[in-house]
Amino acid sequence: MADPVIALDRVSVRYATAPSPTLRDISFRVEPGEFVGIVGSTGSGKSTLLYLLAGVIPHYLGAEISGDVLIHGRRTQELSLARISERVGLVLQDPEAQLFNLLVRDELAWGLENRGLPRAQIASRLASTLSFFRIEKLQDRITYDLSGGEKQRVALAAVHAIAPEVYLFDHPTSQLDPIGAAEVIAAVRRLAEHHAHAIVMVEDKVDELVEHADRLILLDGGRIVLDAGPREFCLRKDLLDAAGVRPTQMAELSTRLIEAGVKLAVPPITLEEMTAALRGLLDPGRGETTAG
Amino acid sequence: MTSSSPAELAVLAEGLEFEYPAPRRILALKGVALRVPKGEFAAIVGQNGSGKTSLARCISGYLRPTRGTLRVADTEVWRLRPAQRATRVGYVFQNPDHQLFRERVWDDVAFGLQNLGASPDQIQESVEQVLRRLELWDKRELHPFQLSRGDRQRLAIAAIIVMRPQILIVDEPTTGQDMARSREIMDLLARLNHDQGMTILTITHVMELVAEYARWVIVMHDGRVLLDGPPRQVFSRVEELRISAISPPPVARLGLILGLDPLPITVPEARDAILRRLSV
Ligand SMILES: Nc1ncnc2c1ncn2[C@@H]1O[C@H](COP(=O)(O)OP(=O)(O)OP(=O)(O)O)[C@@H](O)[C@H]1O
Ligand SMILES: Nc1ncnc2c1ncn2[C@@H]1O[C@H](COP(=O)(O)OP(=O)(O)OP(=O)(O)O)[C@@H](O)[C@H]1O
Ligand SMILES: [Mg+2]
Ligand SMILES: [Mg+2]
């Protein structure tokens with residue numbers, strides 16, 4: 001097995017100004033090529049966790065850290081922010097906080113220029129990023145008068161352009177239209193699968209995460225209360241309820257149907273599974289062939 | 001819906017165009033036709049860049065239409081002075097940080113009433129009422145930037161509804177909120193709609209909330225209204241939705257696949273529809 005890109009071992013974080021820790025006793029690993037979703041209600045510590053992985057804590061935001069945060073085996077506390085950002089790309093929750101170039105084109109190019117990439121390579125990288133996020137038409141626009149979703153696409157594209165080994169996404173699709181959001185999450189899956197990038201994504205669209213993430217981590221009050229594959233995650237209704245998070249709509253529907261006495265041997269959690277299961281019940285002969 | 005006379009309409013648009021001025025010259029609205037009756041609870045949905053925010057800014061009088069007709073509460077709103085406008089239509093920005101600019105939560109809410117020339121007693125009473133209603137009373141002395149994003153979003157709504165506009169437009173009010181907070185915000189809008197008859201226009205990308213709360217859905221596509229109707233009807237128009245980058249909630253997609261009629265759009269409706277099918 002490959003070495004983990006990210007390894008946290010019993011980490012707690014207390015902001016300098018806060019009376020008590022925001023993250024408590026956090027342990028998890030992310031391997032290259034893995035896509036991990038982070039879910040939790042507001043204030044549960046999701047952004048704080050990403051700041052910790054990106055080195056923003058403690059290098060930029062003052063905080064007391066106990067335990068080790070390792071990126072490729074090196075403690076982030078001992079690396080400079082510049083060194084960390086060579087490998088780790090963070091997309092902030094609020095795109096406006098991230099965009100600081102006047103033109104979209106420059107916003108995408110500056111990270112590459114900083115890394116001293118040759119012009120031809122910058123141009124080809126730019127072209128592929130623009131089409132990846134469907135923003136070819138925006139390249140000559142001024143960043144501050146784009147629509148909300150357009151700004152978010154540009155912020156995502158700017159980080160994608162530099163192709164970091166580790167992507168940290170904070171609500172990357174919060175202002176995207178529904179099909180755009182689904183496309184971005186599916187595309188992130190491909191970044192992990194085909195290019196072995198490690199992905200940590202804070203996202204409240206559990207329906208999409210369940211389709212594409214390898215694991216989902218549930219944060220509640222600064223603790224990891226569940227770290228599981230999509231199916232097990234959706235079925236831990238007790239923990240989800242306590243944390244104020246819902247599973248997929250199909251998992252909710254499964255629960256209601258089972259309560260009403262419908263026989264669903266394996267509770268479906270995705271649309272595909274639900275369709276197959278119900279076709280089996282509604283029309284048994286056909287259902288078997290569809291499900292099989 | 002088409003039969004309402006202008007006086008019963010909150011919004012009437014015909015051939016409405018809006019172009020962001022030179023040097024950019026971007027035609028954001030390319031002929032919007034829309035009629036929203038007073039007292040409606042409507043959701044505006046559509047692709048990024050399709051013109052939702054631009055339409056909201058025109059309806060709220062911040063932008064003057066370039067061509068075509070736009071009447072809001074039977075007036076041409078952009079002609080009104082801000083104080084006259086504020087009691088007719090209120091607009092809550094897509095990003096609350098663009099709207100909050102006072103030093104204290106309390107002052108941000110009082111600001112609009114001060115401009116309307118309300119008396120100090122009236123201001124005191126209305127601000128307290130609204131802050132309590134939005135669960136911000138305990139935070140009234142804080143600086144807005146000390147609030148969480150969710151609290152700032154509710155504060156932005158408080159600062160507008162305190163002026164009791166007839167029409168309230170909220171631009172993506174649940175962005176960055178968890179499901180529980182999102183429902184709180186939508187419940188608040190539903191109460192304003194129900195108790196005060198306030199016409200609500202909410203822009204959103206969250207189709208589950210549209211299914212649960214909106215009585216009318218307006219689908220924007222490339223600067224025009226492509227389609228409008230009740231959620232159940234709109235969510236069955238697969239082709240138009242696809243080109244508008246909308247996907248119906250998963251339970252509605254399930255209903256379409258299984259041919260459930262009427263189309264379920266919420267989890268309880270889907271359960272009932274399936275139980276009915278299984279028992280026959
Ligand atoms: N710079 C800071 N100093 C002190 N406390 C902070 C700071 N930033 C966040 N907190 C506190 O830490 C807790 C977790 O905040 P965080 O932003 O990580 O939550 P979150 O899960 O990302 O929430 P949301 O879903 O609303 O974005 C909150 O109680 C917050 O008030
Ligand atoms: N201030 C501005 N100056 C110039 N063009 C603008 C400005 N604001 C928006 N636009 C452009 O007008 C079009 C419509 O934008 P608008 O903000 O109305 O879209 P939207 O439907 O609200 O999108 P989103 O879902 O991303 O918020 C887009 O092409 C956008 O780039
Ligand atoms: Mg956050
Ligand atoms: Mg918008």
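Each chain gets a letter, A, B and so on, in the order the sequences are listed, and its residues count up from 1.
For the options B/Arg181, B/Gln177, B/His205, heavy-atom pairs under 4.5 Å to chain A are most numerous at B/His205. Of the listed residues (B/Thr53, B/Val251, B/Asn95), the one with the most heavy-atom contacts under 4.5 Å to chain A is B/Val251. Contacts with chain B were tallied for A/Gln93, A/Gln152, A/His171, A/Arg153; A/Arg153 has the most, counting heavy-atom pairs under 4.5 Å. Contacts with chain A were tallied for B/Gly49, B/Ala180, B/Gly51, B/Ser244; B/Gly49 has the most, counting heavy-atom pairs under 4.5 Å. With chain A as the partner, the residue from B/Lys52, B/Glu172, B/Arg242, B/Glu208 showing the most heavy-atom pairs under 4.5 Å is B/Glu208.
The neighbour count for A/Lys205 NZ, taken as heavy atoms of other residues, nucleotides or ligands under 6.0 Å away, is above 12. In this structure, B/Glu240 places its CD atom where more than 12 heavy-atom neighbours from other residues, nucleotides or ligands lie under 6.0 Å away. Counting non-hydrogen atoms of neighbouring residues, nucleotides and ligands closer than 6.0 angstrom, the CZ atom of A/Phe100 exceeds 12 such neighbours.
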| said: salt bridge (Lys or Arg N to Asp or Glu O under 4.0 Å), that's the test. Do B/Arg24 and B/Glu19 meet it? Break it down for me. | reply: CA-CA 9 Å; B/Arg24 308 212 239 299; B/Glu19 182 175 75; over 6 Å; no
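No salt bridge links A/Glu252 with A/Lys237; every basic N to acidic carboxylate O contact stays at or beyond 4.0 Å. Checked for salt-bridge contact, B/Arg154 and B/Glu135 miss the test: no charged N lies under 4.0 Å from a carboxylate O.
Interface remark: B/Gln47 contributes backbone and side-chain atoms alike to the contact with chain A (heavy atom separation under 4.5 Å). For chain B, no part of A/Glu183 is nearby; none of its heavy atoms comes within less than 4.5 Å. At a 4.5 Å heavy-atom cutoff, A/Leu146 makes no contact with chain B through either its backbone or its side chain. Contacts between B/Ile257 and chain A at a heavy-atom distance below 4.5 Å involve backbone atoms as well as side-chain atoms. Looking at A/Asp170, neither its backbone nor its side chain comes within 4.5 Å of chain B, counting heavy atoms on both sides.
The CG atom of B/Asp228 sits 9.0 Å away from atom CD of B/Gln233, with the distance rounded to the nearest 0.5 Å.
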